[in-house]
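Numbers restart at 1 for each chain; the letters A, B, ... are given by sequence-line order, proteins then strands. Just so you know, these numbers use all the heavy atoms, side chains as well, and skip hydrogens, waters and symmetry mates.
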Number of protein chains: 2
Amino acid sequence: MKPRITLKKIANEFGVSISTVSKALKDSHEISEETREKIKAFAGFYNYKPNSLALQLRNQKTSVIGVIIPEIVHHFFSTVINGIETYANEKGYNVMVCLSNESYDKEVSNISVLTNGSVDGLIVSLARETQQNQNFKHFEALIKDDFPLVLFDRVKDDLACDKVIIDDVGGAYKAANHLVEIGKRRIALLTTQDYITVGSLRKEGYLKSLVKNDIGIDESLIYKIDDKQDLYEQIKKVIFVKNPPDAILAVNEIYAANALKIAKERGLTIPNDIAIIGFTSGLISEFTSPPLTSVVQHGFLMGKQTAELLINRIEHTASKEYQKEVISPNLKIRQSTLIK
Amino acid sequence: MKPRITLKKIANEFGVSISTVSKALKDSHEISEETREKIKAFAGFYNYKPNSLALQLRNQKTSVIGVIIPEIVHHFFSTVINGIETYANEKGYNVMVCLSNESYDKEVSNISVLTNGSVDGLIVSLARETQQNQNFKHFEALIKDDFPLVLFDRVKDDLACDKVIIDDVGGAYKAANHLVEIGKRRIALLTTQDYITVGSLRKEGYLKSLVKNDIGIDESLIYKIDDKQDLYEQIKKVIFVKNPPDAILAVNEIYAANALKIAKERGLTIPNDIAIIGFTSGLISEFTSPPLTSVVQHGFLMGKQTAELLINRIEHTASKEYQKEVISPNLKIRQSTLIK
DNA sequence: AAAAATTCCGCAAACGTTTTCGTGTTTATA
DNA sequence: TATAAACACGAAAACGTTTGCGGAATTTTT
């Protein structure tokens, strides 16, 4: 790579000082018009751009936001990043993306790398492992130093920082109510292992709905899927039973789509024999047949709000108190729950 | 945010010079063990980390890779980023992601921002607008300065830089051949507007296959979809005709999934009445019914190779010549082309 | 006891920028 | 003609780090 042109080189070219060049390029009245013009012409010709690192160091500000997410090949997370990027860009920030790959160690090391001065603030969604081992020392250290930090989606409640979450309880509640309204009583829940916060919150909404609708809770209808094992086989055990449920609420799109596929394999008609709803973030639900009714999550909005909270923090326009913003999901009704 | 601890502060604490502190922390033999230990203890206690900006400025190296893609809410691009991130991380680099949103202006400004010293190299996939207006001045400027640059997927051939592309011609060729093999003759092509390179390359493969299989080319079977208009209506015109095609080759997943949906609406059986293949990058094809045969694109591998080329460039371990790596897509056969 | 070697540390430059303050020269004012 | 003002520019510090070199003090060698 060719060495970039600097103020010093321009200064040498004209036999003036660095400060003169700097001022000339900023159209300072301190510099004569003649000098100004020739310096600007020269700089323009060589496409001079101030070195960003030098500026960042001097101004003690990078205008970069660090984002750490568990994975990026995931419609929900990429949608959130899109929201973050959009808002951040409007405000003159760039985005540095790091992946924890659900690993605690990677999350810790990402945080360590990003907080060495290269970003002004951090947006994080917790790795699965972190949620599992409940070790938050790396975040507590940040908080102790008042480092601008916003958690989204997968958060830890007692950490003193801004948070943006989906109303998972409400979403599951709405979805389960909908299933009851179309006449279903034996509603199975396909959820995650307990330590995944969103999974247990959605379970909470599901239970709340059953109680409200005077439907007894049948623990045998609650299936905790293990993501590390074969999905298909696990979900098969939900449907290939003597007396299958008449509805399924799945906490994500993949579970729902698999359930749909398996139900059809068993010859059940949808939604009459069995209705299915999934939490969604992607496009799968739209293209299954029948298309799946879904709880949609507004990832873009979430990203924007997350970025907004963070930038307010960075620029000290935030209130002293930490905020927790809750985004309500929508129920998008499609044919998998549409009884004629 | 609390001010971070610096060498200077540690130096003041012990009444020694900054260089002494720096050396002590690096276990230099120039510093007495006593001084070394107390400085290290103090630094450790306050969790000292060298300021990355200062290091970057001094070393003239950021260890950051800039990535500019048209959009991120897209399975293919997020998979590529995943590959880039994985490889870059192994090599000690971080990744800064910017979105052009298919806009020429945004692409130009992203490049301008990223090349002001904040990244060591750039990975780009061209915005749609850039492909349209064929203006590559911003890249030519980079190339003139020998700035490390790698283009992937949506590339411009005559730019003098490394490139990684999918063998789109070969992929479409394979796919069309497969359709012929299962007995189809009236194969419609759902492609993009001409200026999208991948669209026209896939068209090329399609045509090549027809020629090879002695099937006459019927221009009326080639549909150029406009992404800015309603997909559903456009694709409807392909299938709701007097004499619909007996197969469809779609240049992306969404076109294919829509075609499938519409074909079913028209009461056609798949694959007997009409077989469908799509280029894919996402999960939709797996969950449609029947599942769609797809040309799969190996985005992760693409990302890794792209990052590898770039880092070799940055670290001068690359050969003088620019490389063009071609990744062959696979044909994943599913029920939409499986004739019993 | 003198010379040489070793130990321990500080100075200063370098990376590239901005900005305050100072200074010498020219021009305008009294 | 002396003084004040205006003009045009430079020096230097600051952001935080690394590192070659020099030097004082101590220790070892001859």
*asked:* Between P on dT18(C) and CD1 on I31(A), what's the gap in Å once rounded to a whole number?
replied: 13 Å
*asked:* If we count only N and O atoms by modelled type, under 3.5 Å, do the side chains of N135(A) and Y104(A) hold a donor and an acceptor together?
replied: yes
*asked:* Can you tell me which nucleotide in dA13(C), dC21(D), dC15(D) comes closest to the side chain of K8(B)?
replied: dC15(D)
_Proximity to the side chain of A54(A) - top-ranked nucleotide from dC21(D), dG16(C), dT17(D)_ = dG16(C)
*Looking at the side chain of S19(B), which of dT19(D), dT18(D), dG16(D) is the nearest nucleotide?*
dT19(D)
*asked:* Rounded to whole Å, please give me the gap between NE2 in H29(B) and P in dG20(D).
replied: 11 Å
*If you find the nucleotide of DNA chain C closest to K49(A) and the one closest to V16(B), which residue's nucleotide is nearer the 5' end?*
V16(B)
*Distance check: side-chain N/O of T35(B) vs OP1/OP2 of dC9(C), anything under 4.0 Å?*
yes
*In whole angstrom, give the distance that lies between atom CD1 of I39(A) and atom P of dA8(D).*
13 Å
_Closer than 3.5 angstrom, by distance alone: can the side chain of N116(B) be matched with the main-chain N or O of V113(B) as a donor-acceptor pair?_
yes
*L7(A), nearest nucleotide to its side chain (from dC9(C), dT17(C), dG10(D))*: dT17(C)
_Can you measure E34(B) atom CD to dC8(C) atom P for me and round it to whole angstrom units?_
10 Å
*asked:* Please classify the nucleic acid contact of Q60(A) as base, sugar-phosphate, or nothing, using heavy-atom distances under 4.0 Å.
replied: sugar-phosphate
*Starting from P on dC15(C), measure out to CG on N51(B) and report it in whole angstrom.*
18 Å
*K38(B) NZ to dC8(C) P, straight-line distance once rounded to whole Å*: 13 Å
*Give the rounded distance in Å between these two atoms: CZ of R4(B) and C1' of dG16(D).*
10 Å
*For the side chain of Y48(B), starting at C-beta, report the closest nucleotide among dT17(C), dT17(D), dC8(C).*
dT17(D)
*Flag the pair R154(A) and E102(A) as a salt bridge only when some basic side-chain nitrogen lies within less than 4.0 angstrom of an acidic carboxylate oxygen.*
yes
*At how many degrees, to 10°, do the end axes of the helix from dA1(C)-dT30(D) to dA30(C)-dT1(D) meet when each uses five pairs?*
70°
*Report the C-alpha distance between R128(A) and E71(A) in whole Å, list the side-chain angles of each, state the deciding distance to 0.1 Å, and finish with yes or no for salt bridge (charged side-chain N to carboxylate O under 4.0 Å, His left out).*
CA-CA 10 Å; R128(A) 187 193 300 149; E71(A) 45 174 335; 5.8 Å; no
*Answer with yes or no whether E30(B) presents, from its side chain, a donor or acceptor under 3.5 Å of a partner atom in the base of dC9(C).*
yes
_Atom-pair distance (CD1 on I18(A); C1' on dA14(D)), nearest Å_ = 14 Å
*Could you please name the option among dC15(C), dG16(C), dC9(D) that lies closest to any side-chain atom of R58(B)?*
dC15(C)
*asked:* Would the distance check show the side chain of N110(B) and the main-chain N or O of L99(B) forming a donor-acceptor pair, the cut-off being under 3.5 Å?
replied: yes
*Keeping the roles fixed (side chain from N101(B), backbone from S103(B)), state whether a donor-acceptor pair exists under 3.5 Å.*
no
_Matching residue for D162(B) among K324(B), R313(B), Q323(B) - test: side chain to side chain donor-acceptor pair (under 3.5 Å)_ = R313(B)
*At under 4.0 Å, does any side-chain N or O of S22(A) touch on OP1 or OP2 of dT17(C)?*
no
*Counting side-chain heavy atoms from C-beta on, which of dT18(C), dC8(C), dC9(D) comes nearest to S32(B)?*
dC8(C)
*Mapping L57(B) and S17(B) to their closest nucleotides on DNA chain C, which lands nearer the 5' end?*
S17(B)
*Residue whose nearest DNA chain D nucleotide is more 5′ - T20(B) or L53(B)*: L53(B)
*Candidate nucleotides dG16(D), dG10(C), dC9(C), ranked by approach to the side chain of K23(B) - the nearest*: dG10(C)
*Checking K40(B) side chain against A24(B) main chain: does a donor-acceptor pair fall under 3.5 Å?*
no
